[in-house]
Amino acid sequence: MAEFEMFDLGLMHYFLGIEVVQSSTGIFISQKKSVREILDRFQIKDCNPINTPSEFGMKLNKDNRRKKVDDTLYKQIRYLQGTKEFGLFYKNGEKSNLFGFIDSDYVGDSDDRKSTSGYVFMMGTRAVSWSSKK
């Protein structure tokens, strides 16, 4: 503070789209505000929540007779309504090991014979990074 002008803004509440709630027991981070903004933008803030966007293990095939559909909207909203209260809680003093898992289905798409692979990195029991791509 002797060289630069500084201010104490108190505890962090929001940073880069992530809400932060700090307490004596730990830190809880979530994206509630971002999810609410997306649901408002698509005018579906009162839609019904679902657990997963599709049936587990379902295989889809192309229907070349139908017109092409822009899947951007679906990819943006998916099942946000049912997950807006989700977040990560980091308990004070708790040791959390970092684990990583990866998997692939070799030539799993019957239309183009491409594989789908994915990974998840977990800190303790919390997923902190994940990806799935064709």
Side-chain angles (χ1 to χ4, degrees):
M1 293 180 80
E3 291 190 36
F4 300 101
E5 187 174 330
M6 298 178 128
F7 300 96
D8 182 0
L9 300 176
L11 297 176
M12 178 178 15
H13 298 286
Y14 197 76
F15 183 71
L16 297 175
I18 296 176
E19 289 183 66
V20 181
V21 178
Q22 300 178 52
S23 70
S24 60
T25 57
I27 298 172
F28 180 76
I29 62 173
S30 70
Q31 293 183 299
K32 286 185 218 177
K33 184 175 185 265
S34 299
V35 169
R36 283 192 302 268
E37 288 171 357
I38 291 170
L39 295 173
D40 284 344
R41 182 175 21 161
F42 292 105
Q43 300 173 356
I44 57 169
K45 64 181 178 180
D46 296 321
C47 68
N48 293 328
I50 59 172
N51 291 331
T52 121
S54 67
E55 183 180 324
F56 178 75
M58 183 168 63
K59 292 280 187 181
L60 300 175
N61 294 319
K62 287 183 182 178
D63 183 354
N64 293 325
R65 299 168 293 170
R66 302 257 176 154
K67 70 175 188 171
K68 292 205 180 254
V69 175
D70 181 10
D71 61 353
T72 304
L73 174 68
Y74 177 76
K75 288 180 180 178
Q76 289 177 349
I77 58 177
R78 288 177 62 117
Y79 55 106
L80 291 178
Q81 180 72 303
T83 64
K84 66 183 173 188
E85 299 297 322
F86 287 11
L88 300 174
F89 182 70
Y90 296 95
K91 190 174 179 180
N92 282 346
E94 180 180 74
K95 289 193 174 196
S96 297
N97 293 325
L98 180 65
F99 296 95
F101 303 92
I102 187 166
D103 195 11
S104 178
D105 71 341
Y106 181 69
V107 192
D109 190 316
S110 59
D111 288 318
D112 60 14
R113 309 303 297 161
K114 290 189 177 180
S115 301
T116 301
S117 62
Y119 68 82
V120 62
F121 284 98
M122 301 181 73
M123 192 169 238
T125 59
R126 301 158 197 91
V128 292
S129 177
W130 68 275
S131 174
S132 176
K133 71 179 193 173
K134 194 174 184 182

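Not measured: the values here are computed from a predicted model. Heads up: numbering here begins at 1 and tracks the sequence.
For residues 87-106, no residue pair satisfies the ring-ring contact (aromatic ring centres under 6.0 Å, His included) rule, not counting sequence neighbours. Residue pairs meeting the ring-ring contact (aromatic ring centres under 6.0 Å, His included) criterion with at least one partner in residues 12-32, sequence neighbours excluded, do not occur; the list is empty.
Rounding to the nearest 0.5 Å gives a distance of 9.0 Å between OG of Ser30 and CG of Leu88.
In this view, Tyr119 and Phe121 satisfy the ring pair (Phe, Tyr, Trp, His ring centres under 6.0 Å) rule, not counting sequence neighbours. A search for salt bridge (Lys or Arg N to Asp or Glu O under 4.0 Å) contacts involving Asp111 returns nothing, not counting sequence neighbours. Contacts of Lys91 classified as salt bridge (Lys or Arg N to Asp or Glu O under 4.0 Å), with partners at least two apart in sequence or in another chain: none.
Not a single donor-acceptor pair under 3.5 Å links the side chain of Ser96 to the backbone N or O of Met123. A donor-acceptor distance shorter than 3.5 angstrom exists from the side chain of Asp105 to the backbone of Thr116, with no hydrogens or angles considered.
Classification of Glu37 and Arg41 as a salt-bridged pair fails, no side-chain N sitting under 4.0 Å from a carboxylate O. A salt bridge is absent between Arg36 and Glu85: the closest approach of a Lys/Arg side-chain nitrogen to an acidic carboxylate oxygen does not fall below 4.0 angstrom.
For Gln43, the CD atom counts as loosely surrounded, since its 6.0 Å shell holds 12 or fewer non-hydrogen atoms of other residues, nucleotides or ligands.
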List the atom pairs, with distances to 0.1 Å, where a side-chain N or O of residues 127-134 and a protein N or O form a donor-acceptor pair under 3.5 Å, not counting sequence neighbours.
| from | atom 1 | to | atom 2 | distance (Å) |
| --- | --- | --- | --- | --- |
| Lys134 | NZ | Asp109 | OD2 | 2.5 |
| Lys134 | NZ | Asp112 | OD2 | 2.9 |

